[in-house]
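Structure first, then comments.
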Amino acid sequence: MEERPSPSYSPSQVEAKWQRIWEERGANSFSTEELRGSRSPYFNLMMFPYPSAEGLHVGNIYAFTGADIHGRFQRLQGHDVFEPIGFDAFGIHSENFALKHGTHPMDLIPANVANFTRQLRRIGGMFDWDHSVDTTAPDYYRWTQWIFLKLFEAGLAERKKAPVNWCTSCKTVLANEQVEDGRCERCDATVEQRVIAQWFFRISDYSQRLLDNLDHIDWSESTRKAQANWIGRSEGARLVFPVAGSDDVIEVFTTRPDTIFGATYMVLAPEHPLVERITASSHREEVRAYVDRVAAMDVVSRQKTAGEKKTGVFTGGYCVNPATGTEIPIWIADYVLAGYGTGAIMAVPGHDERDFEFANEFGLPVVRVVAGPGEDADTPLEEAYTDHDAGRMVNSGRFDGMSVAEGKAAITADLAERGRGEKQVNYQLRDWCISRQRYWGPPIPIVYCPDPECGAVPVPERDLPVILPRVEDFKPDDDGVSPLARVESWYSVDCPACGAAARRETDVSDTFLDSSWYFLRYPSVGDDAIAFDPGITRRWLPVDSYIGGNEHAVLHLMYARFITMALHDIGLLDFEEPFTRFRAHGIIVKDGRKMSKTRGNVVTPDPVIEEFGADTFRLYLMFLGPFTEGGDYRDDGIRGPLGFLRRLWDTVLRAADNDADPDPRLEGQLHRTIEQVTRQIADLQYNTCISGMMEYLNAVRAGGRRPARAEIEPVVLMVAPFAPHIAEELWERLGHEGGVFGRARWPEYDAEKARRRIVKLAVQVNGKVRGTIEGPSEMSREDAEALAREQENVARFLQNGSVRRVIYVPGRLINLVVG
RNA sequence: GCCGGGAUGGCGGAACGGUAGACGCAGGGGACUUAAAAUCCCCCAGGCUCAGGCCUGUGUGGGUUCGAAUCCCACUCCCGGCACCA
């Protein structure tokens, strides 16, 4: 038969055509009725981007493509897949950009959003553009403010003075999470501490639940570990030390109550409230100097001192060790943190490295109260002995001889009986400060009334949104006052409670609040009467699949869990975990290094898509490496996937009118490929799905034979999640109507057809491969051994001994063990 | 220091404890072409070789096993996160 050359593959034409068709059909958009009535809902979520002026970067496209493939696969499985995308457009980032380039954020953001939208459409994601959000739109942040009010009503929002991280350059408060190595994560300036009244969400109340639920959600292991770590649960005891010659007591938290007999001194954090009262007048000057010196340090230098020599000062005061009854000196040192536990510790230099170091520095006594194997009560301590498991208690009165675990329980119980302590669990998780002294965020909906009867009054729901006014001069100044505090016409309002002249809260809220609930909003977008419709929410949430970067392991993902839990407790949601399944994707690097402007190794996606098409680009990104691990981008590597799509195109066109039965051997491989791809695509192992399809296509094309349509049709379906445009085009050219993502279903594999009938076995002698044999897959051990022995090379290695043992793994190998 | 994740050809990466290097890139050779592009075919871990094979090889050193990239123990180095958290 004479072969006609097939018309060549033109990505741009194919992609423009199908994007238009999807758009016309509303293929990816749900109506409200469809959302209400879906019988097989699947909420496929990805982390919405910040719409930067630079446009989508490769990392965005990588993440969205991986998530979109998952969504498209679920669609082919027959689910109604809701795949929204939106814009996380508030925050310091765009404000800084706006300041630098003189563009107002209110002008900048819409332009960026338009550009992002264009790019997102171009990559062929299955996005529901009727349900997009922009966190800076009043009809979105109105509900962000509403959530604040709900938490406020529930007592989960509170205003308190607290030391906060103050960026000396951004002139704003930073969350702990935004401080890296004592520097601002954005501008790298040093960070110092300031005390300001802030709004906090009481996330720490939820520490234990946030920790416990981690066992019940299907999340990436690394993400769960990071969250557990961040919550930082530790079990121990709160112990009470009476201050000598006073009614005051000092409480400490310790995880080692068993070592209390070795507590030879006490240390308070410089910020501890009792410092003043405990300090003897003879020591006042020294103590004050030390406390002032620490207070003046910025966070960088304070952290730097962590690795260096310990500093501290004696107060002249004493307290009583409740176990030994002896008086021990009270010191002040900055190695004790004010923000954790009680801000005071009992120092046990024998069994804590930091205390040991401090005791050596200042000549304080070191007492051994735990003896390790081969040690006794008098063995000198060269360093702190911190082992929990092997030691026995010594120098501890009637507790001597107990293990550490026994001692913890016994001493805690003993002190509790005497009113000197109790078991306690502590968490490192701190309350979430949501106040920002910035401009580009949703105003916090609170009004301060001068009448103390009113105080901080929530803005009534009917008055939401509190609109962020357009302010031309939004540059923060260094007095720590929000830019909105300069706009009197905005902040001057009547008290909602009593009508007196009052003043709005002029801080805006943290961007993480916007992103802590956006997934709740998506399916209810367009409904201006409610934040999230109960019926629709019940049907679509929690989210079935969430894919995003692990850089959000402890911030966004923790806050979203907390907000969901709080809304559940308030009675607004009937679930308490927002994301049933979360998978962290990897990072794309270039030449083994992170892409960055300074390094000059940033890949700009637009020209690549222009040249090769979105399908090839998607396929290439997924082919780079395992999706959960990322990969190394190389410019010329894209030729592989391009060639694959061209060969697929050519093969399908040549096979379209060949209704012959599939070649029996190819059919086996086809079904094995379907089995493999089906299993691996569900597991996000996209790179091996692609290589599996390449391998099969190579087999179909081998020898220049004419392919049959039945041999290639299933490949079109399997490639569809990766390269949806070309798949639609080829599907149509194969004579199907209604579209791949309309009526088609993922191919089924037939285990019987997938089974190999003739197998090739490796023949080993003593574990080393000496040949191969071929035979029916159900070949008996005896037959296999006989075939193996016939091999000349095998026989040679059997000469110097007799066969002691034969290991036969059907379908794999036969191993002759010669002794 | 602690918690994750890694280390396999020139490169990205494959390998239910069972023939290491699938798939692809780069490279080399060839076909077609006036030429180029495109396409197609062959080679491609290292060493030895009587050309049949043999030896060595998955960061290092041990171990378990008929058989280890894979499991166990001890290390080295790299990447990410946390870090004076009592």
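Note on naming: letters A, B, ... go to the chains in the order of the sequence lines (proteins, then strands), and numbering restarts at 1 for each one. Note that this is a predicted model, so its numbers are computed, not measured.
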Base-pairing assignment for [N] (Watson-Crick or G-U wobble, both under 3.5 Å):
N      : answer
C25(B) : G10(B)
G59(B) : C75(B)
G1(B)  : C82(B)
U33(B) : none
U70(B) : none
U64(B) : none

At 4.0 Å (heavy atoms only), tell me whether [X] reaches a base, stays on the sugar-phosphate, or touches nothing.
X         : value
Arg634(A) : base
Leu813(A) : base
Phe797(A) : sugar-phosphate
Thr254(A) : sugar-phosphate
Glu792(A) : nothing
Arg679(A) : nothing
Lys768(A) : sugar-phosphate
Asp636(A) : sugar-phosphate

OP1, OP2 of [N] versus side-chain N and O of [X]: anything below 4.0 Å?
X         : N      : value
Tyr633(A) : G12(B) : no
Arg812(A) : C16(B) : no
Arg796(A) : G52(B) : no
Arg770(A) : C54(B) : yes
Asn687(A) : G12(B) : no
Arg646(A) : U39(B) : yes
Asn698(A) : G24(B) : yes
Lys590(A) : C11(B) : no
Ser234(A) : A86(B) : yes

Quiz item: Under 4.0 Å between a Lys/Arg side-chain N and an Asp/Glu carboxylate O for Glu785(A) and Arg789(A)?
Solution: yes

Quiz item: Does Lys310(A) make a cation-pi contact with Tyr335(A) (under 6.0 Å, within 45 degrees of the axis)?
Solution: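 The answer is yes, since Lys310(A) meets both limits relative to Tyr335(A).
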
Self-check item: Geometric cation-pi criterion, Arg224(A) with Trp230(A): 6.0 Å, 45°
Solution: no

Expressed in whole Å, how much space separates the [atom1] atoms belonging to [N] and [M]?
N      : M      : atom1 : answer
G62(B) : G80(B) : C1'   : 30 Å
A35(B) : A45(B) : C1'   : 37 Å
G9(B)  : C25(B) : C1'   : 13 Å
A69(B) : A22(B) : C1'   : 15 Å
G28(B) : G5(B)  : C1'   : 37 Å
C66(B) : G61(B) : C1'   : 24 Å
G17(B) : U70(B) : P     : 11 Å
A68(B) : U58(B) : P     : 11 Å

Whole-Å gap separating [atom2] ([N]) and [atom1] ([X]):
X         : N      : atom1 : atom2 : value
Met693(A) : A22(B) : CE    : P     : 19 Å
Glu629(A) : U8(B)  : CD    : C1'   : 14 Å
Arg256(A) : A86(B) : CZ    : C1'   : 11 Å
Arg233(A) : A86(B) : CZ    : P     : 12 Å
Ile638(A) : C23(B) : CD1   : C1'   : 17 Å
Phe627(A) : G12(B) : CZ    : C1'   : 17 Å
Phe612(A) : A38(B) : CZ    : P     : 10 Å
Phe358(A) : A86(B) : CZ    : C1'   : 14 Å

Please determine, for the side chain of [X], which listed nucleotide ([options]) has the closest atom?
X         : options                : result
Asp334(A) : C3(B), G12(B), C84(B)  : C84(B)
Gln764(A) : A14(B), G18(B), C40(B) : G18(B)
Glu695(A) : A86(B), C23(B), C66(B) : C23(B)
Phe253(A) : A86(B), C25(B), A22(B) : A86(B)
Arg639(A) : U39(B), A38(B), G12(B) : A38(B)
Arg805(A) : C66(B), A86(B), C54(B) : C66(B)
Arg647(A) : A15(B), G24(B), A86(B) : G24(B)
Asn793(A) : C40(B), C23(B), G53(B) : G53(B)

Quiz item: So, is G67(B) syn or anti if syn means the angle is within 90° of 0?
Solution: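 G67(B): anti.
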
Ignoring hydrogens, what is the shortest heavy-atom contact between [X] and [Y]? Give both atom names and the distance.
X         : Y         : answer
Phe722(A) : Ile681(A) : CE1-CD1, 3.8 Å
Tyr62(A)  : Leu621(A) : CE1-O, 3.3 Å
Ile588(A) : Met595(A) : CG2-CE, 3.6 Å

Exercise. For Leu624(A) and for Tyr340(A), find the nucleotide of RNA chain B with the closest heavy atom, then tell me which residue's nucleotide is more 5'.
Key: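 By nearest-heavy-atom nucleotide position, the 5'-most residue is Leu624(A).
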
Self-check item: Residue closer to the 5' end of RNA chain B, Ile690(A) versus Asn815(A) (nearest nucleotide)
Solution: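 Checking each residue's closest nucleotide, the 5'-ward one belongs to Ile690(A).
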
Practice problem: Start with the C-alpha gap between Asn550(A) and Ser220(A), add the side-chain angles, then the distance that decides, and say whether side chain to side chain donor-acceptor pair (under 3.5 Å) holds. | Solution: CA-CA 9 Å; Asn550(A) 226 8; Ser220(A) 292; over 6 Å; no

Quiz item: Are the side chain of Asn321(A) and the backbone N or O of Ala263(A) linked by a donor-acceptor pair below 3.5 Å?
Solution: yes

Quiz item: Hey, which of Arg646(A), Arg654(A), Arg647(A) is the one that makes salt bridge (Lys or Arg N to Asp or Glu O under 4.0 Å) with Asp650(A)?
Solution: Arg654(A)

Quiz item: Distance only, no hydrogens: is a donor on one side chain within 3.5 Å (strictly under) of an acceptor on the other, for Gln227(A) and Arg561(A)?
Solution: yes

